[in-house]
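For reference, the structure discussed in these notes is given below.
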Number of protein chains: 2
Amino acid sequence: MKDHRVTTENQYTLAEEDYIKAIYHICQQSQEAQTNDIADRLHTKPASVSDMLKKLADKKVLNYIKYRGVTLTEEGMKAALNLVRKHRLWEVFLVEKLNFSWDEVHEVAEQLEHIDSALLIERLDAFLGFPKFDPHGDPIPNEKGEFVVKPHIPLGEMEIGVTGKVLAVQDISASFLQYLNKVGIYIGAKVSILDKIDYDGSLEVKLDEQKTILVSKEVAKNIFVGE
Amino acid sequence: MKDHRVTTENQYTLAEEDYIKAIYHICQQSQEAQTNDIADRLHTKPASVSDMLKKLADKKVLNYIKYRGVTLTEEGMKAALNLVRKHRLWEVFLVEKLNFSWDEVHEVAEQLEHIDSALLIERLDAFLGFPKFDPHGDPIPNEKGEFVVKPHIPLGEMEIGVTGKVLAVQDISASFLQYLNKVGIYIGAKVSILDKIDYDGSLEVKLDEQKTILVSKEVAKNIFVGE
DNA sequence: TAAATTTTTTAGACAAAACTAAAAAATACT
DNA sequence: AGTATTTTTTAGTTTTGTCTAAAAAATTTA
């Protein structure tokens, strides 16, 4: 047994899938994924990453030139988008059907995304009503890897007086999401900036036309608004 | 990373879990699990099984005396029942919520049973309405490992004239289940024996007070009836 | 641009879980 | 009981994915 997914559908091992997804996410932010960044993300050592990069390059999953970063090939991108699709669909399932809170879903979805059954994902997608966004506001690719992009900017860059909606969060750590729960910020919440405090960059935010809250610039950086 | 389930809930690797479940199922039928039987069930070689038995005995999961078969300890039984519980709950989910047919669920459930999250299973159980039996009629243990036992006998041992219900099937291979679909046998179907053919041991069976079908003794052996 | 620092790779080991081939124990058969 | 057969275990490899330590390349800094 290569790994525990004995169906013949999947071409990659569990570890390979983890690397592919990590590289995808890093490339979303910075063009090329560096060895150290991958190691950090996977809680592994740079030496281990080097080994795996060689292996994945042999398999035509990524473009690799020694000492330069890596990017995904079309093949690799397809695999990554499928993993992202599975991860986000499972997150929707956990929140919508099993009453998980948005700060509880990530770890479980990290496991569920490796389940290898195209039929399962097809049926799950239908069962959930073909959702376009996950509980953190991130888009869910369809089976072809296509996804909806809603224009959005960080909360901190919104102009005073303009009203928008919270569309997504960038930090999906439990501690950040629990903080958002506490102050009442959620995906879809109506927000506008009342004032920007020069001293520390914090923001006075009107929430759902009701209460006014103060958020730090660190928090504001991780909230995206639009519409 | 030991395996890909990074939560701290689970004590066993994926491979160990496979062995524990295989040993559980073998012991259901024959008291002690023999090395060769385990190898057959896991599509592995007896030498590999010997290695693993030693390891699992060290971990106090099973009682092992060289050249004798093995049995699960209380610890091992607890782990096995939890795996069985997870497997069968996922099977119910696939059939009830995702419209899988009962011949399509086993392989996917074999993967899903390894997902390591007590919260997930608790919530899934509630979402499904705390089912007591899986799509093949097998009982689902609760979180303490307890399960309902309905008295049942093989179809072949039912007396002529007596009416019963199909409670479970013993063979859950796709080919067997697809055959049952074809002839119209399902869990809950009303059955009675009209006649037993001496020549080959086959049975004339009245199904749902409607049609009459003929089933071989091999088929009859794998269908359990009761109530 | 040369030295210092950081990043990445190589070399060599290790653990888990599988395998083959051969030895040892248990069981079955005259 | 003694031989033959089957079952199980041991011994020695292999593969995957990890690690540490050291070497090499790239980048930053003076």
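Any value given below was found using the heavy atoms of this structure, including those in side chains, with hydrogens, waters and symmetry copies removed. The chains referred to below are lettered A, B, ... by the order of the sequence lines, with proteins before strands, and numbering in each begins at 1.
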Given atom [atom1] of [X] and atom [atom2] of [N], what is their separation to the nearest angstrom?
| X | N | atom1 | atom2 | value |
| --- | --- | --- | --- | --- |
| A/D37 | C/dT7 | CG | C1' | 10 Å |
| A/L56 | D/dT16 | CG | C1' | 13 Å |
| B/I38 | C/dA18 | CD1 | P | 12 Å |
| B/Y12 | C/dA16 | OH | C1' | 17 Å |
| B/I65 | C/dA25 | CD1 | C1' | 14 Å |
| B/L14 | C/dA16 | CG | C1' | 12 Å |
| A/D40 | C/dT8 | CG | C1' | 13 Å |
| A/K54 | D/dT18 | NZ | P | 14 Å |

*asked:* Does A/D200, at its CG atom, have more than 12 non-hydrogen atoms belonging to other residues, nucleotides or ligands within less than 6.0 Å?
replied: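 Correct, the count exceeds 12.
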
Please state whether the phosphate of [N], meaning OP1 or OP2, lies under 4.0 angstrom from any side-chain nitrogen or oxygen of [X].
| X | N | answer |
| --- | --- | --- |
| B/N36 | D/dT6 | no |
| A/Q34 | C/dT7 | no |
| A/Y64 | C/dT9 | yes |
| B/T13 | C/dA16 | no |

*Quick one: is the NZ or CZ of B/K59 closer than 6.0 Å to the six-membered ring centre of B/Y12, and within 45° of its axis?*
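Not flagged: B/K59 not positioned over aromatic ring of B/Y12.
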
*Picking from C/dT8, D/dT18, D/dT8, which would you name as closest to the side chain of A/M52?*
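Closest nucleotide to the A/M52 side chain: D/dT18.
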
*side-chain contact (heavy atoms from CB on, under 4.5 Å) with A/L89: which of A/D134, A/V84, A/L128?*
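So the option named by the test is A/L128.
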
*Please name the residue in the list B/V70, B/L62, B/T13, B/T44 that meets the side-chain contact (heavy atoms from CB on, under 4.5 Å) test with B/Y19.*
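In the set B/V70, B/L62, B/T13, B/T44, the residue that makes a side-chain contact (heavy atoms from CB on, under 4.5 Å) with B/Y19 is B/T44.
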
*Verify the distance criterion only: is there a donor paired with an acceptor across the side chains of A/H87 and A/E91 at less than 3.5 Å?*
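Yes, side-chain donor-acceptor contact under 3.5 Å.
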
*Quick one: label A/S50 by what it contacts on the DNA or RNA (base, sugar-phosphate, nothing), any heavy atom closer than 4.0 Å.*
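Answer is base: heavy atoms of A/S50 come under 4.0 Å of a base.
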
*Closer to the 5' end of DNA chain D via nearest nucleotide, is it B/D51 or A/Y19?*
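Nearest nucleotide further toward 5': that of B/D51.
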
_Reading 5' to 3' through nucleotides 20-26 of chain D, protein heavy-atom contacts under 4.0 Å coded B for base, S for sugar-phosphate only, - for none_ = BB--BSS

_Parallel, tilted or perpendicular: which one describes the rings of A/W90 and B/W90, with boundaries at 30° and 60°?_
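Ring orientation of A/W90 relative to B/W90: perpendicular.
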
*Is the backbone N or O of A/K217 less than 3.5 Å from a side-chain atom of A/S202, with the two atoms forming a donor-acceptor pair by type?*
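The answer is no, because no donor-acceptor pair under 3.5 Å joins these two groups.
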
